[in-house]
K.L.:
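Encoded as structure tokens, here's the structure I'll be asking about.
We count ligands from 1, going down the list as the structure has it; atoms in each ligand are counted the same way. As a basis for the values below, the full set of heavy atoms in this structure was taken, side chains included, without hydrogen atoms, waters or symmetry mates.
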Amino acid sequence: MPTELLFREDAYLKSADARVLAVSERGIELDRTVFYPLGGGQAGDSGALMRANGERVIVSDTRKGESADRVLHLLAPGSPALEIGESLTLEIDWERRYRLMRLHTALHLMSCVVTAPVTGGNIVPDKARLDFDIDLSQLNAEHIERETNALIASAVATETAWITDAELDAQPELVKTMSVQPPRGAGRVRLLKIPGIDLQPCGGTHVANIAEIGAIRVLKIRSEGKHNKRVEIALAAR
Ligand SMILES: [Zn+2]
């Protein structure tokens with residue numbers, strides 16, 4: 001049974017009420033969720049499920065289930081057994097997720113500063129990286145930091161839109177990442193639009209206005225192989 005992905009329509013939802021659909025050793029499935037499952041390089045959410053009796057069950061991680069619209073909430077070891085049909089109040093670790101949203105959106109901007117094919121990416125709460133198919137000598141930390149921060153300062157509001165698989169196939173230039181292809185098969189693909197800056201398929205969670213990122217700093221640049229020149233960033237202290 002599919003899970004309604006509430007974070008897709010509103011990345012700022014911190015909590016929601018839901019019902020348990022399935023319980024297995026792999027995790028808990030719910031009828032709706034605010035927990036983002038690991039995907040597109042973005043770490044899965046953690047948080048808690050509140051039972052009607054007040055018991056607080058810790059969600060240590062979130063992963064995709066057997067299909068794109070199924071989500072597995074991984075419980076911490078020693079958690080109580082939940083019952084199918086039981087009502088819960090979901091609560092994500094918002095501070096952690098908001099950092100992921102800011103870093104994730106910053107990577108979109110950085111992919112416009114470094115104009116080379118993206119061969120990989122990863123976002124965890126304290127840092128994020130993109131790998132580019134580019135000559136290492138063309139990557140300058142100071143330049144990337146300055147230009148990305150200049151884009152952040154333009155304070156543009158982000159937008160999401162949906163296009164059909166066929167429309168995406170007709171515009172292959174929209175897909176910047178060679179490693180993370182947009183999920184297909186559902187008939188439509190979600191686009192993140194940063195007007196005047198970036199437009200690409202992405203199912204992750206983003207800030208509403210790029211000014212929320214604050215600023216970034218480049219932690220390091222190094223080679224991870226012939227086609228993988230890695231730029232790692234963190235949020236700069238404000
Ligand atoms: Zn994205």
Side-chain angles (χ1 to χ4, degrees), residues 5-13 33-45 62-64 68-69 71 92 94 96-133 144 147-149 151-152 154-165 167-168 171-186 188-216 218 230-235:
L5 309 177
L6 300 171
F7 54 81
R8 272 210 169 153
E9 301 305 325
D10 183 359
Y12 288 79
L13 274 180
T33 193
V34 288
F35 285 79
Y36 179 83
L38 170 73
Q42 183 178 327
D45 283 329
T62 311
R63 298 291 170 89
K64 282 180 183 153
D69 56 2
V71 175
I92 56 169
W94 171 250
R96 179 178 178 280
R97 156 71 91 68
Y98 191 50
R99 292 180 67 83
L100 291 169
M101 285 164 56
R102 290 164 67 205
L103 281 166
H104 181 131
T105 311
L107 289 187
H108 279 271
L109 300 179
M110 191 171 78
S111 77
C112 300
V113 170
V114 181
T115 49
V118 175
T119 52
N122 194 57
I123 305 134
V124 291
D126 60 337
K127 61 187 180 182
R129 61 171 164 81
L130 282 180
D131 292 351
F132 297 98
D133 190 358
I144 294 169
E147 295 300 315
T148 304
N149 284 333
L151 289 176
I152 292 168
S154 69
V156 171
T158 64
E159 299 169 10
T160 54
W162 293 86
I163 60 169
T164 64
D165 287 356
E167 286 167 333
L168 182 64
Q171 301 172 76
E173 68 278 4
L174 277 181
V175 182
K176 284 187 193 171
T177 60
M178 301 197 286
S179 63
V180 183
Q181 286 293 321
R184 284 160 198 268
R188 57 181 202 153
V189 173
R190 184 169 178 262
L191 296 178
L192 177 76
K193 184 177 183 183
I194 307 176
I197 299 173
D198 191 33
L199 175 67
Q200 62 177 298
C202 189
T205 58
H206 309 95
V207 291
N209 188 302
I210 60 175
E212 293 175 48
I213 300 165
I216 59 108
V218 173
R230 180 164 297 174
V231 182
E232 195 171 82
I233 63 166
L235 296 171

K.L.:
Could you list the residues that satisfy ring pair (Phe, Tyr, Trp, His ring centres under 6.0 Å) with Tyr36, not counting sequence neighbours?
P.N.:
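Per chain and number, Tyr36 pairs via ring pair (Phe, Tyr, Trp, His ring centres under 6.0 Å) with Phe7.
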K.L.:
So, at under 2.8 Å, which protein N, O or S atoms would a careful student list around the Zn ion (ligand 1)?
P.N.:
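Short answer, with waters excluded from the count: His104 NE2, His108 NE2, Cys202 SG, His206 NE2.
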K.L.:
Establish, from distance only, whether the side-chain atoms of Glu147 and Asn149 form a donor-acceptor pair under 3.5 Å.
P.N.:
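Per modelled atom types, Glu147 and Asn149 side chains form no pair under 3.5 Å.
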K.L.:
Classify the ring geometry of Tyr12 against Trp94: parallel below 30°, tilted from 30° to 60°, perpendicular beyond 60°.
P.N.:
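Plane angle between 30° and 60°, so tilted.
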K.L.:
Could you work out, with side chain to side chain contact (heavy atoms under 4.5 Å, CB included) as the rule, every residue matching Leu199, not counting sequence neighbours?
P.N.:
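Leu199: side chain to side chain contact (heavy atoms under 4.5 Å, CB included) contacts with Leu174, Leu191, Lys193.
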K.L.:
Kindly determine whether Cys202 and His108 satisfy side chain to side chain contact (heavy atoms under 4.5 Å, CB included), including the steps that lead there.
P.N.:
CA-CA 10 Å; Cys202 189; His108 279 271; 3.6 Å; yes
K.L.:
Going by side chain to side chain contact (heavy atoms under 4.5 Å, CB included), name the residues that satisfy it together with Leu38, two or more places apart in sequence or in a different chain.
P.N.:
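Listed in chain order: Arg63.
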